[in-house]
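The chains referred to below are lettered A, B, ... by the order of the sequence lines, with proteins before strands, and numbering in each begins at 1.
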2 protein chains.
Amino acid sequence: MMFSKACEYGIRAAVYIALQSLEGRRVSVTEIAEEIDSPVAFTAKILQQLNRNKIVHSVKGPTGGFEIEREDMDSVKLNMIVKAIDGDQIYKGCGLGLKECNALQPCPLHDKFVDIRTNLKKMLQNTSLYELAMGLEVGLTYLKR
Amino acid sequence: MMFSKACEYGIRAAVYIALQSLEGRRVSVTEIAEEIDSPVAFTAKILQQLNRNKIVHSVKGPTGGFEIEREDMDSVKLNMIVKAIDGDQIYKGCGLGLKECNALQPCPLHDKFVDIRTNLKKMLQNTSLYELAMGLEVGLTYLKR
DNA sequence: TTAATAAAGGACAATTTTATCCGATTTATA
DNA sequence: TATAAATCGGATAAAATTGTCCTTTATTAA
Ligand code: FES
Ligand code: FES
């Protein structure tokens, strides 16, 4: 609804990698896809994007896999992942589909829409991977059902 | 981003029809598509859905077209249009793509996501077509650029 | 009653998003 | 050094969304 499927997988994958990195484990795409219940090859593509954007770190070869440095778990916020995968339509897009959102020639929904989008933006900017991984670790939240 | 293209066209079309109905004018798909800058045939399909859902009223034949009764402009809220076109994923969907949003087995983003979605929901439930049409009439807002 | 006008609806086409497959590359270890 | 394990990256396929075309149906007005 709000994010593309690719973006949803990307966030779930990043949170899972963060959680495992906290335990000092590097994880493979196969394991990630298994644990977040996503298509393996598609997930691999998304992880490539996240790697290029320095959101996760990948290591090739045996004992390789994906990991996230402890300090990156704090500095990487959700908005970076969304931006890396879905681009900045979430920032620039008009709620009613006009070419771009523009306060000088606003669509009828502009004011109310901007209001909500601002909240969403703030939430994404303030939510770190670490924060999300913690809920998982404590067993309060789930990445699949 | 938030709504499908079909939904965006649907809302724009409904607002335009409302505005014209206020002037006592019935409008054709051709005119609507022209005025909201949307593909004609696709817009026609969407208007059929809105008609079936009693959100707009259609009349066939010469002098026919689409219209919205004055009282419906007040009672029809945006959430009805969104529901008619995009279904209720906006209500039931999980932000991270789990089968459904479920507070008993929440995804890591659940609390923050529900918060924002609730605001969106309220906004859609409280916004009437009349309200949106007024901004247009006064010349403060635009349906195309 | 006929001609013209407008929406309804079905079939089809194009585009975008989601998903798969497979060979190339990197790297640890036996 | 050979082998195997893992990501990378390109090509392709499937599915969903967006968009078009054309025939049918209803209705008005001459
Ligand atoms: S112009 Fe439509 S949301 Fe800003
Ligand atoms: S479970 Fe994910 S948003 Fe509620």
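- For A6(A) and V27(B), each mapped to the nucleotide of DNA chain C holding its nearest heavy atom, the one lying further toward the 5' end belongs to V27(B).
- Nucleic acid contact for S4(A): sugar-phosphate only, since backbone atoms but no base atoms lie under 4.0 Å from a heavy atom of the residue.
- Where F66(A) and P62(B) meet DNA chain D, the nucleotide closest to each residue was compared, and F66(A) sits on the side nearer the 5' end.
- Rounded to whole angstrom, the span from the CG atom of N51(B) across to the P atom of dG9(C) amounts to 8 Å.
- Inspection of the N102(B) and Y142(A) side chains reveals no N or O donor paired with an N or O acceptor under 3.5 Å.
- E67(A) places its CD atom 13 Å from the C1' atom of dA6(D), with the value rounded to the nearest Å.
- No donor-acceptor contact under 3.5 angstrom links the side chains of K77(B) and T127(B), judged on distance only.
- For L50(B) and dG9(C), the CG to C1' distance is 16 Å, given to the nearest whole Å.
- When heavy atoms are screened at a 4.0 angstrom cut-off, V56(A) is found touching no nucleic acid atom at all.
- OP1 and OP2 of dT18(D) both lie 4.0 Å or more from every side-chain N or O belonging to Y9(B).
- Looking at the side chain of V29(B), the nearest of the listed nucleotides dA7(C), dC8(D), dG10(D) is dA7(C).
- Put simply, CD on Q48(B) and OG1 on T43(B) are 11.5 Å apart, with the number rounded to the nearest 0.5 Å.
- Here T63(B) does not reach the OP1 or OP2 of dT27(D): none of its side-chain N or O atoms lies under 4.0 Å away.
- Atom NE2 of H57(A) and atom C1' of dA6(D) are 13 Å apart (whole Å).
- D74(A) and S128(A) form no side-chain donor-acceptor contact under 3.5 Å, judged by distance and modelled atom types alone.
- As rounded to whole Å, 8 Å separates atom C1' of dG9(D) from atom CZ of R52(A).
- Going from atom CD1 of I32(B) over to atom C1' of dA6(C) covers 12 Å, rounded to whole Å.
- Between Q48(A) atom CD and dC22(C) atom P the separation is 17 Å, expressed in whole Å.
- Residue-to-nucleotide proximity on DNA chain C shows that, of S28(B) and K5(A), the 5′-proximal contact is made by S28(B).
- Residue-level contact check: R26(B) touches neither bases nor backbone, having no heavy atom under 4.0 Å from any strand.
- Listed nucleotides dC21(D), dG10(D), dG10(C) differ in distance to K45(B); the shortest reach to its side chain belongs to dG10(C).
- Between T30(A) and dA6(D), a side-chain N or O to OP1/OP2 separation shorter than 4.0 Å is absent.
- Computed from coordinates, the F42(B) CZ to dA14(C) C1' distance equals 12 Å when rounded to whole Å.
- Here CD1 of I85(A) is found 4.5 Å from CG of L50(A). Values are rounded to the nearest 0.5 Å.
- When the nearest nucleotides of DNA chain D are assigned to K60(B) and D86(B) by heavy-atom distance, the more 5′-ward of the two goes with D86(B).
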